[in-house]
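Shown next, in structure tokens, is the structure this report addresses.
In this text the structure is predicted, and so the values were computed from the model without any measurement.
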Amino acid sequence: MKKMIIVGLCMFLGGSVLASVFYLHVDMPTSSTPNDQTLWFNDPVGGVTQQSLGLPTSGNRFDLNGKLLRSATTTGSHTFAGTFVVSANSATGLLYAANWNIYGMDVSKSMLMRAAGAYANTVTISNLVMGSSGLMEFRTLTNVNNKVNLSVDNISGSGIISFGLKSTAFVNDENGIWSLATGTTTNFNGIINLARGQLTFSNSFALANATLALSNAPNSVVLANNVTFGKLTYGATTLTNGSYTATELNTLLGTTRFSGSGILAIPEPATIGMLGIGALITLLVRRIRTRT
């Protein structure tokens, strides 16, 4: 009897794991939303829909399968409780005039995120995992000032989050108005890249193992808050340690691209290690307090 129960439990758990991954078969149609369970299938080709299986969105993984993803086209706040998976190149997301709250995104290939109009698009992601070959690229779509506010509770991995394209074939990206907010974390060692447009740091954070990279195409950085990066690259110049105001950065790099009253700090490697130890100690203290 116990053996039958164990076997049944294993079959149930095995089935739930297999059924928790869904795939887009075609580009999402106009006016659809990611919460439409008829769009997601339990196999990359063929299979049955999430709706047919009667499974909720929460806790599941949704592979874009290289297809087009659309956020809700209506204003207001919209929530997607699952995790988007980018495992194939050329996946594209169209962003409309709304606040889009996403539980998670696992990006191991190229993901193009395009603002679809002259209004603010807010994308809030609880957990963003950037694989070593992952690229999340924010771009403009129309010949207007596109605005994208990206807020991530936690970033991990070693991929690239890029704003605009450097190529002169995409000069409208100069009109991109981007902002980035994230929690204080040391487990992202990838690159925050600004190719074209204006990037504002809209909260104070520390990405002490990450690189802030600026191209020599038209762009600018607004230090609206104090931020920390592992290093800063600008053209052929690399800054590896120090604390700088916008004025000091402009003087040092011979540019006018930096503004704002915040400080950009680049700690020495030993300091970065101490930041990681400090974060670990804080986590352990929180766990002890929770248990007691």
Side-chain angles (χ1 to χ4, degrees), residues 61-64 69 71 79-87 91 93 95 99-115 121-139 148-164 176 178-195 197 199-214 221-233 262-267 269 271-280 282-283 286:
R61 295 171 62 83
F62 298 81
D63 197 315
L64 301 183
L69 173 73
S71 70
T79 298
F80 184 78
T83 294
F84 290 123
V85 178
V86 182
S87 63
L95 308 176
N99 297 327
W100 197 16
N101 301 304
I102 305 167
Y103 172 74
M105 291 192 73
D106 288 358
V107 182
S108 60
K109 296 292 184 180
S110 297
M111 177 65 179
L112 175 62
M113 302 284 273
R114 306 198 74 171
N121 302 267
T122 299
V123 181
T124 301
I125 306 173
S126 295
N127 297 285
L128 175 59
V129 180
M130 298 298 302
S132 58
S133 299
L135 170 62
M136 178 180 283
E137 187 174 69
F138 290 88
R139 294 283 319 286
V148 176
N149 304 314
L150 175 63
S151 178
V152 183
D153 293 337
N154 183 62
I155 308 174
S156 61
S158 56
I160 301 173
I161 301 173
S162 184
F163 299 92
W178 327 107
S179 74
L180 174 64
T182 184
T184 297
T185 175
T186 59
N187 56 354
F188 175 62
N189 58 4
I191 299 172
I192 303 295
N193 178 68
L194 175 60
L199 175 61
T200 298
F201 298 127
S202 52
N203 79 324
S204 296
F205 60 79
L207 297 178
N209 293 311
T211 297
L212 173 62
L214 276 69
V221 173
V222 180
L223 295 174
N225 292 276
N226 297 336
V227 295
T228 298
F229 284 92
K231 65 180 177 179
L232 165 67
T233 62
I263 301 293
L264 190 149
I266 305 173
T271 307
I272 293 175
M274 290 303 296
L275 286 173
I277 293 172
L280 179 59
T282 301
L283 178 61
R286 286 178 179 174

key: From L180 atom CG to I155 atom CD1, the distance as rounded to the nearest 0.5 Å   = 6.0 Å

remark   = Output for pair (N187 CG, S158 OG), nearest 0.5 Å, gives 11.5 Å

Considering all heavy atoms, the nearest R139-W178 contact = C-CH2, 3.8 Å

ask   = Given side chains that start at C-beta, do those of I160 and M130 come closer than 4.5 Å, heavy atoms only?
value = no

task = Would you sort out whether N154 and S126 count as a side-chain contact (heavy atoms from CB on, under 4.5 Å), showing the intermediate values?
result = CA-CA 6 Å; N154 183 62; S126 295; over 6 Å; no

key: Check: M136 and M113 side chains under 4.5 Å, non-hydrogen atoms   = yes

inquiry  = On a heavy-atom basis, which atom in S202 and which in N225 lie closest, and how many Å separate them?
reply    = C-ND2, 3.1 Å

query = Taking C-beta and beyond as the side chain, do T83 and D106 meet within less than 4.5 Å on heavy atoms?
reply = yes

Taking every non-hydrogen atom, the tightest pair across L128 and V107 = CD1-CG2, 4.2 Å

query = Is there a donor-acceptor pair closer than 3.5 Å between any side-chain N or O of N203 and the backbone N or O of T182?
reply = yes

Set of salt bridge (charged side-chain N to carboxylate O under 4.0 Å, His left out) partners for D63, sequence neighbours left out = none

query = Would I102 and V123 satisfy side-chain contact (heavy atoms from CB on, under 4.5 Å), going step by step from the backbone distance to the final call?
reply = CA-CA 8 Å; I102 305 167; V123 181; 4.0 Å; yes

Contacts of Y103 that satisfy ring pair (Phe, Tyr, Trp, His ring centres under 6.0 Å) - sequence neighbours left out = none

remark   = One should read off an interatomic distance between S71 OG and N99 CG, to the nearest 0.5 angstrom, of 10.5 Å

request  = Hey, can you tell me if F201 and F205 have their rings parallel, tilted or perpendicular (30° and 60° cut-offs)?
outcome  = perpendicular

Spacing of CG belonging to L150 relative to CD1 belonging to I161, to within rounding of 0.5 Å = 6.0 Å

request  = List in chain and number order the residues that pass ring pair (Phe, Tyr, Trp, His ring centres under 6.0 Å) with F138, two or more places apart in sequence or in another chain; answer none if no residue qualifies.
outcome  = F163

key: L212 and L264, any side-chain heavy atoms less than 4.5 Å apart   = yes

task = Could you give me the CA-CA distance, side-chain angles and deciding distance for T211 and I192, then say whether side-chain contact (heavy atoms from CB on, under 4.5 Å) is met?
result = CA-CA 6 Å; T211 297; I192 303 295; over 6 Å; no

query = Any sub-3.5 Å donor-acceptor pair from S108's side-chain atoms to V86's backbone N or O?
reply = yes

Heavy-atom check, side chain of V148 versus side chain of L95, under 4.5 Å = yes

task = State, with a plain yes or no, whether a side-chain heavy atom of L64 is found less than 4.5 Å away from one of V85.
result = no

query = Do N149 and T200 come within less than 4.5 Å of each other through their side chains, counting heavy atoms only?
reply = no

message = Looking at every non-hydrogen atom in both residues, tell me the closest pair between N121 and A115 and how far apart they are.
response = ND2-CB, 3.6 Å

task = Could you pull out the closest heavy-atom pair between F229 and P267, with the gap in Å?
result = O-CD, 3.4 Å

query = Is there a side-chain contact between V221 and L194 (heavy atoms, below 4.5 Å)?
reply = yes

inquiry  = To the nearest 0.5 Å, what is the distance between CD1 on I125 and CZ on F84?
reply    = 9.5 Å

key: K231 versus I266, closest heavy-atom pair with distance   = CA-CG2, 3.8 Å

Side-chain donor-acceptor contact under 3.5 Å, S204 with N226 = no

key: Nearest-0.5 Å distance that lies between atom CD1 in I263 and atom CG in L223   = 8.0 Å

